Structure formats: C-alpha cells, structure tokens
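As the structure is a prediction and not an experimental result, all values here were calculated from the model. These numbers come from the heavy atoms of this one structure, side chains and all, not from hydrogens, waters or symmetry mates.
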Amino acid sequence: MPAAPYPANEAERQRALEQYNLLDTLPEQAFDDITTLAAHICDTPIALVSLIDRDRQWFKSKVGIDAEETPREQAFCAHAILNPDGILLVPDAKVDPRFTDNPLVTGGPQIRFYAGAPLQTPDGQAIGTLCTIDDKPRQLTQEQIEGLQALSRQVVAQMELRRHVKQLHQTLDQLRHTQASLIQTEKMSALGRFVAGVAHEINNPVSFILGNLPHAQDYTEQLIELVHLYQTTYPQPDASLADHLSEIDVDYISQDFLKLLHSMKSGAIRIEKIVDSLQTFSHLDEADIKLVQIQEHLDNALDLSLFQLRRTSEQLPIDVVKDYQELPPVVCYVGQLNQVFINIIGNAMDALQERLQPHLADGPESTYRPRLTITTHQATDEDGRNFITISIQDNGMGIDPDKRDKIFDPFYSSKPIGKGTGLGLTSSYDIVVNQHQGKLIVDSTPGQGSRFSIWLPTDLPLPD
C-alpha cells in the first residue's frame with residue numbers, strides 16, 4: 001500500500017494544526033452539526049472532520065463510524081491535503097491504485113467511495129478534511145461538491161471562532177490579573193506613603209523619649225541618693241516631715257520608680273523597632289531590583305504582624321517558630337517581596353484568629369495551641385534549578401479543596417464580606433511567579449492549617 005507523501009510544508013502545516021488545540025478534545029455540537037449536514041447533502045452513511053497529525057488522522061467529529069483515529073499511512077485524508085485548493089474524489093477505491101490494498105478498503109469500514117474537502121486555514125495550511133464515505137462506488141453531483149466545500153469552510157470558520165474565543169478568554173484573564181495587580185500596587189503604594197509619614201511622626205518623639213530617659217534615670221538616682229543622705233544626716237526629722245515621709249513611703253518609691261523607668265525604656269525600644277519595620281514597609285512600592293538578604297525583610301514583615309499576634313493571644317499565647325537556614329543573597333524586587341510576606345503572614349494571622357475564637361473561653365485549659373512556623377532553606381527543583389524557599393505555615397482553619405484552586409484568582413476571597421478584597425494572593429502569585437520566575441505553592445488541610453511555600457530562583461541576573 002503506497003503511503004501518501006508528506007506535503008513540502010509539513011512543518012508549517014503541523015504548527016498551524018497545533019495552534020487550534022483541537023487534538024484529543026471532547027466532541028462539540030457545532031462540529032457534529034456540520035458533519036451531519038455533510039452526510040445528508042452527499043447522501044453517505046459516513047462523514048468525518050478529520051485532522052492529520054504527525055502519524056495519525058484523528059476525528060474531531062464523526063457520523064456512522066466508531067473509530068477515534070487511524071494511522072496516517074492508511075488515511076485517504078492524508079492524500080486530500082496534498083491539494084489544499086481542490087477536493088479529492090475517489091469514485092471506487094478498489095480500482096484506485098493508491099487505495100486498492102488499503103486495510104480500510106479490504107477490511108472495515110470497506111471504503112469504496114471517498115470525497116474529501118481540505119480544511120484550509122486563513123494562511124493556506126491544509127490541516128485536515130471534511131470528508132464523506134460510502135461502502136458503495138458512486139459519484140457526487142456538482143451541487144453536492146460545492147455543498148461539501150462550503151461546509152469545509154464552515155468547519156474552518158468554527159475552528160477560528162473557537163480559537164479566537166479562547167484567546168479572548170486568555171486576554172480577559174490577563175486583563176483581570178493586570179487590573180488586580182494595578183489596584184493592589186496602588187493600594188500598597190498609598191499605604192506605604194501613609195505609613196512612611198506615620199513612621200516619621202512617631203520617630204521624632206520616640207527618639208526624644210529614648211534620648212532623655214537615661215538623663216531622667218540619672219537625675220532620679222541622684223535625687224534618691226540625696227534623700228537617703230538627708231535621712232542619714234538628719235535621722236530625727238521634725239514631726240511634719242516625718243509624717244510626710246511616712247505617707248509617701250520613700251523606700252518603695254525609690255525602688256519602684258527605677259523599675260518604672262526601665263519599663264518605659266523597654267517600651268520605647270519596642271516602638272523604635274516597630275518604626276524601623278514601618279520604614280521598611282513604607283518602601284513596598286520600591287521598583288529597584290537588587291541583591292538582598294531576604295531573611296532580614298522576612299523578619300521585618302513578621303515584626304509588623306506581631307502586634308496582631310499579641311492582641312489575639314492575650315488569653316492563649318501564639319507560638320512563633322523560626323527555623324532559618326543560612327541563605328545566599330538573592331536578586332529580587334525587594335519592595336514587591338515585602339508585599340508578598342505581608343499578605344501571606346496576614347492571611348495566616350486571620351486563619352489563626354478564626355480557629356482560635358471558639359477556644360478563647362477555655363483560656364489556658366484549651367487543648368488548641370495556635371502556632372506560626374516560618375522556615376527557610378535552599379532547594380533544587382526537578383529541572384535542576386536552584387532556589388531559596390520561604391515556608392509560612394499555620395495551624396489555623398485550613399482551606400477547603402473547592403476553594404484552594406481559586407485562591408489565586410483575581411477578586412476571589414474566602415473571607416467574609418468586608419474582610420478581604422481578593423487581591424492579596426493574586427498579587428503575591430504575580431510577583432513570585434511572573435516577576436521573579438519563581439513558584440508559589442499552597443498545601444492545606446481543612447481543620448489543620450495551611451502552608452504557603454515561596455520559591456525564589458538564585459540565578460536571576462542583576463540588570464546592567
């Protein structure tokens with residue numbers, strides 16, 4: 001059996017076929033309607049929309065036959081695509097030397113008649129045929145030939161419509177992601193500017209307090225020392241002074257006031273640390289790509305979230321576990337990654353709070369211990385690329401499987417109305433995956449917690 005030669009433009013033809021993404025797809029009514037019409041117009045028991053792949057013909061639509069595909073060397077359609085502008089008519093396959101010993105002729109479906117109109121794409125590539133088949137020799141009238149050719153053009157039109165609709169959906173998805181990213185970027189940029197102003201306003205009085213506390217402590221110690229010296233020099237004060245000394249309890253004041261100053265200093269140092277973290281946070285919109293030690297920025301994001309942890313855990317403490325391995329510096333958009341850390345840690349806080357609420361009444365007797373675990377290490381993926389990974393894990397409520405696949409979609413939020421915009425994880429995914437060529441992986445079990453793993457490649461180059 002002589003096999004049909006491959007067209008000279010086979011590589012281009014194959015690429016044209018692949019762009020439609022039709023191979024091995026489910027049946028579609030629009031194609032089946034055209035195939036049914038072709039069988040009716042040509043008065044044949046079999047009609048097919050046949051696509052010629054590299055080594056097979058695959059049937060997108062079929063009437064009167066159960067087969068899904070046949071080898072390419074047996075395909076009548078493989079001969080039909082050699083003449084994209086014409087139509088292949090085989091009145092009797094048993095007397096045509098090209099098909100006499102073809103298994104489709106000598107065996108089922110015992111083809112005797114074949115008519116195939118090539119499916120010619122707008123750029124001139126014949127990727128398959130609309131064909132009709134009979135087990136009896138026959139001819140087609142001119143009207144039937146013209147009808148088959150017209151229907152073949154409708155098959156291509158349907159393929160083009162399908163492709164354009166898919167491209168439109170992809171464009172709309174991209175626009176939605178771009179819109180979400182722009183909204184989130186502007187939101188975080190505005191918040192960053194606000195936080196920068198707040199941090200600046202807080203910084204001055206805090207610096208003043210910290211600067212003056214050592215002097216206040218020195219003055220207090222000197223005054224207390226002076227009081228003690230007076231007590232030593234004048235052990236027998238007059239009655240009114242003795243009564244007053246008894247009322248104010250000088251010994252207690254001299255001890256407790258120094259403790260009070262120490263507490264004030266500790267609080268001021270804590271505020272100073274928060275201000276430093278706020279100043280880092282205020283650069284969320286920083287566009288520069290640079291080489292950084294990522295753990296420092298991860299810690300800043302965690303520090304900003306600790307106030308929420310402490311507020312939540314007044315009755316039940318929340319454990320924060322940090323398991324850091326030594327990491328190499330990475331090239332990244334540090335402002336964008338700060339945004340990712342804030343978003344994911346903030347979501348973890350919300351999940352812990354949600355699970356914690358029913359246990360607050362139990363107090364220390366509760367069996368639930370909220371925990372946030374942050375782990376960093378180096379890893380290599382299946383393609384041999386080197387990454388640093390940041391894992392943020394909570395033992396909160398977890399995410400239902402039907403919601404887990406949607407959490408990176410723009411404007412989708414599993415939180416109650418008013419508590420989430422649906423932008424944080426969308427922007428985080430875009431920053432990690434698209435901006436940094438990394439990975440953002442979520443693993444969650446309902447009722448047990450979630451883990452978000454951020455994979456950042458170590459081979460991103462610094463711009464010139």
Side-chain angles (χ1 to χ4, degrees), residues 266 269-274 276-278 280-281 292-330 332 334 337-360 362-381 387-399 404 407 414-415 424-425 428-429 431-432 438-456 458:
S266 298
I269 291 173
R270 171 61 185 157
I271 295 174
E272 186 179 49
K273 188 174 181 180
I274 291 174
D276 288 340
S277 296
L278 286 172
T280 299
F281 179 80
V292 300
Q293 289 287 353
I294 204 67
Q295 287 179 171
E296 175 185 350
H297 295 272
L298 180 60
D299 279 338
N300 278 328
L302 182 60
D303 282 342
L304 283 176
S305 301
L306 283 178
F307 81 94
Q308 184 178 356
L309 278 171
R310 290 194 175 95
R311 184 184 61 195
T312 302
S313 59
E314 290 176 352
Q315 293 174 271
L316 285 177
I318 295 179
D319 295 329
V320 178
V321 179
K322 294 196 291 186
D323 181 12
Y324 290 176
Q325 291 185 10
E326 185 174 352
L327 298 179
V330 292
C332 65
V334 63
L337 285 179
N338 283 338
Q339 179 180 337
V340 173
F341 298 150
I342 290 290
N343 285 336
I344 295 179
I345 293 175
N347 283 343
M349 297 301 99
D350 291 339
L352 289 173
Q353 283 184 312
E354 185 179 359
R355 188 175 178 188
L356 185 60
Q357 287 304 314
H359 297 272
L360 289 177
D362 299 332
E365 303 301 320
S366 172
T367 57
Y368 173 59
R369 288 293 180 267
R371 183 175 62 257
L372 180 70
T373 304
I374 301 180
T375 306
T376 66
H377 68 279
Q378 300 184 60
T380 303
D381 71 359
F387 293 81
I388 66 167
T389 69
I390 301 103
S391 172
I392 300 171
Q393 182 172 359
D394 65 75
N395 64 338
M397 292 300 295
I399 306 170
R404 191 165 56 239
I407 59 174
S414 60
K415 299 176 184 178
L425 287 179
S428 297
Y429 185 88
I431 290 168
V432 174
K439 306 176 186 181
L440 181 54
I441 302 169
V442 58
D443 180 27
S444 183
T445 302
Q448 296 184 27
S450 303
R451 180 176 68 246
F452 284 81
S453 299
I454 303 164
W455 290 54
L456 299 174
T458 60

Residue pair V432 / L440: nearest heavy atoms and the distance that separates them: CG1-N, 4.1 Å

Measuring from S428:OG to I454:CD1, what's the distance to the nearest 0.5 Å? 7.5 Å

Spatial distance of atom SG (C332) from atom CD1 (I431) [nearest 0.5 Å]: 11.0 Å

Hey, are the side chains of P328 and Q378 touching, using non-hydrogen atoms and a 4.5 Å cut-off? yes

Considering all heavy atoms of both residues, which atom of S444 and which atom of G449 are nearest to each other, and what is their separation? OG-O, 3.2 Å

How long is the straight-line distance from CZ of F341 back to CD1 of I390, given to the nearest 0.5 Å? 4.5 Å

Under the side-chain hydrogen bond (donor to acceptor under 3.5 Å, both in side chains) test, which residues partner T376, sequence neighbours left out? Q295

Distance from L337 atom CG to L298 atom CG, nearest 0.5 Å? 10.5 Å

By the definition side-chain contact (heavy atoms from CB on, under 4.5 Å), identify the one residue from L302, L372, T375 that meets it with K322. L302

I'd like to know if D394 pairs up with R355 as an ion pair, taking the criterion as any Lys NZ or Arg NE/NH1/NH2 lying under 4.0 Å from an Asp or Glu carboxylate oxygen. no

In Å and rounded to the nearest 0.5 Å, what is the CG to CZ distance from N343 to F452? 10.5 Å

Can you name the closest pair of heavy atoms from A379 and T389 and give their distance? CB-CG2, 3.9 Å

Under 4.5 Å between any side-chain heavy atoms of Y368 and N395, yes or no? yes

Closest non-hydrogen atom pair, P329 against Q293: CD-NE2, 3.6 Å

Side chain proximity check, K439 to D381, heavy atoms < 4.5 angstrom: yes

With the side chain counted from C-beta on, respond yes when T458 and F387 share a heavy-atom pair under 4.5 Å apart, and no when they do not. no

Pairs satisfying salt bridge (charged side-chain N to carboxylate O under 4.0 Å, His left out), at least one member in residues 441-456, at least two apart: D443-R451

Are H377 and Y324 side-chain neighbours, meaning at least one heavy-atom pair lies under 4.5 Å? no

Give, for atom CD1 of I345 and atom CG of D350, the distance between the pair rounded to the nearest 0.5 Å. 12.5 Å

Please report the C-alpha distance between I344 and L425 in whole Å, then the side-chain angles of each, then the deciding distance to 0.1 Å, and finally whether the side-chain contact (heavy atoms from CB on, under 4.5 Å) criterion is met. CA-CA 7 Å; I344 295 179; L425 287 179; 4.3 Å; yes

